[in-house]
Amino acid sequence: MIARIWSWIIAIPRFLYTFIVGDDWTVAVAVVAGLAVTAILNANHIVSWWLMPIVAILATGVSIQRNYPPK
């Protein structure tokens, strides 16, 4: 029983790491940085809904460019 509980304790962080970070950790870092900047702007009463879509599009573009360089 203890081994089964321990396996779940180990499996959940492994799943979360794989799900959130995935293959490209730089995208995860960009998203966290974008969320932090958005939170700071919101705390200062600056409308910042537009920031995260830009961060997501740029991070995806950079990731694709790095993984599939032009021939």
Side-chain angles (χ1 to χ4, degrees):
M1 182 69 177
I2 298 296
R4 188 171 183 86
I5 293 171
W6 187 249
S7 70
W8 277 88
I9 291 171
I10 298 298
I12 291 172
R14 283 185 183 171
F15 165 76
L16 290 174
Y17 177 81
T18 304
F19 181 73
I20 294 170
V21 175
D23 293 331
D24 195 356
W25 63 270
T26 56
V27 174
V29 169
V31 169
V32 168
L35 288 172
V37 171
T38 301
I40 291 168
L41 291 174
N42 266 341
N44 290 314
H45 305 289
I46 299 171
V47 178
S48 59
W49 62 266
W50 49 269
L51 184 61
M52 279 311 298
I54 292 172
V55 168
I57 290 169
L58 288 175
T60 302
V62 168
S63 177
I64 290 172
Q65 186 75 21
R66 197 174 54 235
N67 289 319
Y68 300 103
K71 293 181 181 181

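Both backbone and side-chain heavy atoms feed into the values below; hydrogens, waters and symmetry mates do not.
- When the side chains of ILVMFWY residues are joined at heavy-atom separations under 4.5 Å, either directly or via intervening members, L16 and V31 end up in two distinct hydrophobic clusters.
- Criterion: ILVMFWY side-chain heavy atoms under 4.5 Å apart, direct or through other members. Under it, L41 and I54 are part of a common hydrophobic cluster.
- A continuous path of hydrophobic side-chain contacts links W25 to Y17 [ILVMFWY only; heavy atoms under 4.5 Å].
- In the hydrophobic clustering of this structure, F19 does not group with L35; members are Ile, Leu, Val, Met, Phe, Trp, Tyr whose side-chain heavy atoms approach within less than 4.5 Å, directly or through other members.
- The main-chain N or O of A59 is never found under 3.5 Å from a side-chain atom of S63 such that the two would form a donor-acceptor pair.
- Taking a 6.0 Å sphere around CZ of R14, one finds it holds 12 or fewer heavy atoms contributed by other residues, nucleotides or ligands.
- If you run side chain to side chain contact (heavy atoms under 4.5 Å, CB included) between I40 and each of V37, N42, N44, only N44 comes through.
- Scanning both residues, T60 and A56, for their nearest heavy atoms gives OG1-O, 2.8 Å.
- Note that CE of M52 and CD1 of I57 are 11.0 Å apart. Values are rounded to the nearest 0.5 Å.
- V55 and A30 make their closest contact through CG1-O, 3.4 Å (heavy atoms, listed as atom of the first residue, atom of the second, distance).
- V32 and V27 end up in different hydrophobic clusters when Ile, Leu, Val, Met, Phe, Trp and Tyr side chains are linked at under 4.5 Å.
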